[in-house]
Every structure is written in C-alpha cells, then in structure tokens.
J.: 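Before anything else, here's the structure in question.
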Amino acid sequence: MAKDNNLMERNNVIRAGVMGGNDGILSISGIILGVAGATTNVGTILLAGFAGTLAGMVSMAMGEYVSVSSQHDAQAKVTKIQTEALATDYQKEFDFVEKKYQDVGISKELAQQATKEMMDKDALVTTVRERYGFSPNSVLNAGSAALASFISFPLGATLPMLAMWLTPTTYREIVTFLAVLFALALTGYSAASLNGADRKHAAIRNIVAGVFTMIVTFAIGSLFR
C-alpha cells in the first residue's frame, strides 16, 4: 500500500507540474502577444508578462491546494459515512460487496469467499473501494501539488517571454507564436502520456487552444495600437 501511495503522490505532483507549465506557456503567451498587439515597446510587453507570471504562480498554486484539499474533505466524509454504515449494518455492506462481485461474473461461492476474506482483513477499505472507487489509505499531498504548480508555471512562462525578448522586432510575434505552439504540443503530449490518453489528440487540442488564445489576444491588443 505504501508503494501505491508513493506512486499516486508522484503522479499527482507530475500532473500538477505539467499542467502548471502548460498554463504558464498558454497564459503568458496570450498576455504578451495581446500587449504586443498594442505596442512595440518590449519593456512594456515583458512587464505585463512578468506581472501575469506572478499572478499565475499564486493562482495555480492556490487552485491545486484547494482542489486536492476539497478531495480530502470529500473522502473524509465518505469514510465517516462508511464507518457508521459498517457499525450499524455490517451484513448490508457485506451483501453489497458480494453482489457486486457476482454482477461481474464471479460465482456466488467464490464471491462470498472473496468478500469474507477482504472484509475480515479490512472492512472499511473494502467497502469504500467498492462503493466509491477509492482507498481511504490513499491520501494525496495538497502542498506538494501546489508547490509543483508554483514552480512550473514560471518555467512555462519563461519560454514566450524569452522568445519575445530575444527576437528582432520584425519577427518577434511570429517567432513567439511558433515557439509557443511547439511547447504546447510537448506539454499536451506529456500530459496525455501521464494520463494514458490519446497523445496525438491531446497535443492537437493544446495547439488549437494556443492558436485561439494568441490570435484573439493579439487581435484585441491591435485595436489599441
């Protein structure tokens, strides 16, 4: 169980880090291209990007912390309910687990034996898992996820700002645009690999979101030039 918890915790931190970096790339590219649409002053553009980065770091970290903490609260509530259910009507919970096993094709005798063995070992873990789909022993660290987002967001934000800063004025927007699309394809692919989703579809989806964000913000900024 400890190994499972460590794996879940590591995956949770990686997920938060990948998503934080992805949001850093997408959010800050939208901000600086929007400002670039209104002015060619690179100092103004980078200042807007820096301010957006600070805000995004805090926002992403707090979002992760609140999200994971809310999950903890929901799991704690379910665990309490199930503890009371086992105390008041153990047989009902036993029958539920046994029936669930039978419903997936296990014979009555084998389902009854498996249920008894697992309920004898840990009735709470067994019934919470079968009723609600999680283990009360698997607890994710809200602080670790928040820290991963807090660190990865500015790392992602650095790419579009460096592209904007280091590229000559004539090519500044297009180079930033292409660099961001490449980075979004990479983070989309990485996130899908972690989640077991379709990597090509995730990369394309990320690219489309980036294209839409950057075109819209640049077009709005251009109205004020």
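Because only heavy atoms are used, hydrogens play no part in the values below, and waters and symmetry mates are left out as well, while side chains stay in. Values in this document were obtained by computation on a predicted structure and should not be read as measured data.
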J.: Take atom OH in Y90; do more than 12 heavy atoms of anything else shown fall under 6.0 Å from it?
T.: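 Enclosed.
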J.: Could you pull out all residues at least two apart from Q91 that satisfy side chain to side chain donor-acceptor pair (under 3.5 Å)?
T.: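 Q91 satisfies side chain to side chain donor-acceptor pair (under 3.5 Å) with D95 only.
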J.: Would you mind listing every salt bridge (Lys or Arg N to Asp or Glu O under 4.0 Å) that reaches into residues 141-154, with sequence neighbours excluded?
T.: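 Found none.
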J.: Take atom OH of Y65 as the centre, draw a 6.0 Å sphere, and report whether it contains more than 12 heavy atoms from other residues, nucleotides or ligands.
T.: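 Atom OH in Y65 is not packed in, count stays at 12 or less.
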J.: Work out which heavy atom in F224 is nearest to a heavy atom in I220; give both atom names and the distance.
T.: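 In this case the closest contact between F224 and I220 is CD1-O, 3.2 Å.
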J.: With sequence neighbours left out, write down each residue that passes salt bridge (charged side-chain N to carboxylate O under 4.0 Å, His left out) with K100, or none if nothing qualifies.
T.: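 Applying salt bridge (charged side-chain N to carboxylate O under 4.0 Å, His left out) to K100 gives E130.
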J.: Using the rule that Ile, Leu, Val, Met, Phe, Trp and Tyr join whenever any side-chain heavy atoms are under 4.5 Å apart, tell me whether F96 and I106 fall into a single cluster.
T.: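 Yes, F96 and I106 fall within the same hydrophobic cluster.
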J.: Where do A16 and A145 come nearest, in terms of heavy atoms and distance?
T.: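 In this case the closest contact between A16 and A145 is CB-O, 3.5 Å.
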J.: Measure the OG1-CE distance between T169 and M164 for me, rounded to the nearest 0.5 Å.
T.: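 If we round to the nearest 0.5 Å, T169:OG1 and M164:CE are 10.0 Å apart.
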J.: Measuring from atom CD1 of I32 to atom CZ of F218, what distance do you get when rounded to the nearest 0.5 angstrom?
T.: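 The distance works out to 11.5 Å.
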J.: Might you point out which heavy atoms bring A183 and I25 nearest each other, and give the distance in Å?
T.: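 Nearest pair, atom of A183 first, then I25: CB-CD1, 3.6 Å.
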J.: Quick one: does T39's side chain have a donor or acceptor within less than 3.5 Å of a partner on A36's backbone?
T.: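 A pair under 3.5 Å: no.
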J.: For residues 118-125, please give each side-chain donor-acceptor pair under 3.5 Å, one per line with the distance, not counting sequence neighbours.
T.:
| residue | atom | partner | partner atom | Å |
| --- | --- | --- | --- | --- |
| D120 | OD2 | K116 | NZ | 2.8 |
| D122 | OD1 | L124 | N | 3.3 |
| D122 | OD1 | V125 | N | 3.1 |

J.: Between atom OH of Y101 and atom CG of D103, what is the distance when rounded to the nearest 0.5 Å?
T.: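 One gets 12.0 Å once the value is rounded to the nearest 0.5 Å.
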J.: How long is the span from the CD atom in Q75 to the OG atom in S70, to the nearest 0.5 Å?
T.: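 Taking CD in Q75 and OG in S70, the distance rounds to 11.0 Å.
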J.: Using the rule that Ile, Leu, Val, Met, Phe, Trp and Tyr join whenever any side-chain heavy atoms are under 4.5 Å apart, tell me whether I215 and Y171 fall into a single cluster.
T.: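 Both belong to a single hydrophobic cluster.
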J.: What is the distance from atom CD of E117 to atom OG1 of T126, rounded to the nearest 0.5 Å?
T.: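 Rounded to the nearest 0.5 Å, the CD-OG1 separation comes out at 11.0 Å.
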J.: Compare every heavy atom of A202 with every heavy atom of A192, then report the nearest pair and how far apart it is.
T.: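 Scanning both residues, the minimum pair turns out to be CB-CB, 3.5 Å.
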J.: Do D73 and K77 sit within salt-bridge range, that is, some charged N less than 4.0 Å from a carboxylate O?
T.: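 So D73 does not pair with K77 through a salt bridge.
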J.: Has the side chain of T187 got a donor or acceptor atom that lies under 3.5 Å from a matching backbone atom of L184?
T.: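 Between the backbone of L184 and the side chain of T187 there is a qualifying donor-acceptor contact (under 3.5 Å).
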J.: Are L166 and I31 connected, step by step, through hydrophobic side chains (Ile, Leu, Val, Met, Phe, Trp, Tyr) whose heavy atoms are closer than 4.5 Å?
T.: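 Yes, it is one cluster - the side chains of L166 and I31 are joined through contacts under 4.5 Å.
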J.: Check side chain to side chain donor-acceptor pair (under 3.5 Å) between S152 and all other residues, then give those that pass, not counting sequence neighbours.
T.: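 Expected list: none.
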J.: Could you pull out all donor-acceptor pairs under 3.5 Å where a side-chain atom in residues 43-64 meets a protein atom, sequence neighbours excluded?
T.:
| residue | atom | partner | partner atom | Å |
| --- | --- | --- | --- | --- |
| T53 | OG1 | G49 | O | 2.8 |
| E64 | OE1 | R15 | NH2 | 2.9 |
| E64 | OE2 | R15 | NH1 | 3.2 |

J.: Enumerate the salt bridge (Lys or Arg N to Asp or Glu O under 4.0 Å) contacts for residues 168-186, please, sequence neighbours excluded, ordered by first and then second residue.
T.: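 As it turns out, there is no salt bridge (Lys or Arg N to Asp or Glu O under 4.0 Å) pair with a partner in residues 168-186 once direct neighbours are skipped.
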J.: Flag yes if V180 and I174 sit in one hydrophobic cluster, no otherwise; membership is Ile, Leu, Val, Met, Phe, Trp, Tyr, and two members link when side-chain heavy atoms are under 4.5 Å apart.
T.: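 The answer is yes; both residues are in one hydrophobic cluster.
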J.: Using side chain to side chain donor-acceptor pair (under 3.5 Å) as the criterion, list what pairs up with K80, not counting sequence neighbours.
T.: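 If we apply the side chain to side chain donor-acceptor pair (under 3.5 Å) test to K80, skipping adjacent residues, there are no hits.
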J.: Nearest heavy-atom pair of A179 and L159: which atoms, and what distance?
T.: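 In terms of heavy atoms, the two residues are closest at O-CD2, 3.5 Å.
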J.: Could you go through the side-chain contact (heavy atoms from CB on, under 4.5 Å) check for Y189 and L186 one step at a time?
T.: CA-CA 5 Å; Y189 187 93; L186 184 61; 5.5 Å; no
J.: Please report the interatomic distance CG(L33) to OG(S222), rounded to the nearest 0.5 Å.
T.: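 Here the interatomic distance stands at 10.0 Å.
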J.: I need the full list of salt bridge (Lys or Arg N to Asp or Glu O under 4.0 Å) pairs touching residues 194-223, with sequence neighbours left out, sorted by first then second residue.
T.: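 Sorted result for residues 194-223: empty, none.
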J.: Using the test side chain to side chain donor-acceptor pair (under 3.5 Å), find all partners of Q112 that sit at least two apart in sequence or belong to another chain.
T.: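 Result, side chain to side chain donor-acceptor pair (under 3.5 Å) vs Q112: none returned.
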J.: Can you list every salt bridge (Lys or Arg N to Asp or Glu O under 4.0 Å) pair that touches residues 104-115, not counting sequence neighbours?
T.: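 Listed once each, the pairs are E98-K108.
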J.: How would you list, by chain and number, every residue that makes a side-chain contact (heavy atoms from CB on, under 4.5 Å) with I207, sequence neighbours excluded?
T.: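 In terms of side-chain contact (heavy atoms from CB on, under 4.5 Å), with neighbours along the sequence ignored, I207 is linked to L181, A185, V211.
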J.: Any idea which heavy atoms bring A157 and I28 closest together, and the distance?
T.: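 Closest pair (atom of A157, atom of I28, distance): CB-CG1, 3.3 Å.
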J.: Is it the case that one hydrophobic cluster holds both L162 and V42, taking links as side-chain heavy atoms less than 4.5 Å apart, direct or via other members?
T.: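 Cluster IDs for L162 and V42 match.
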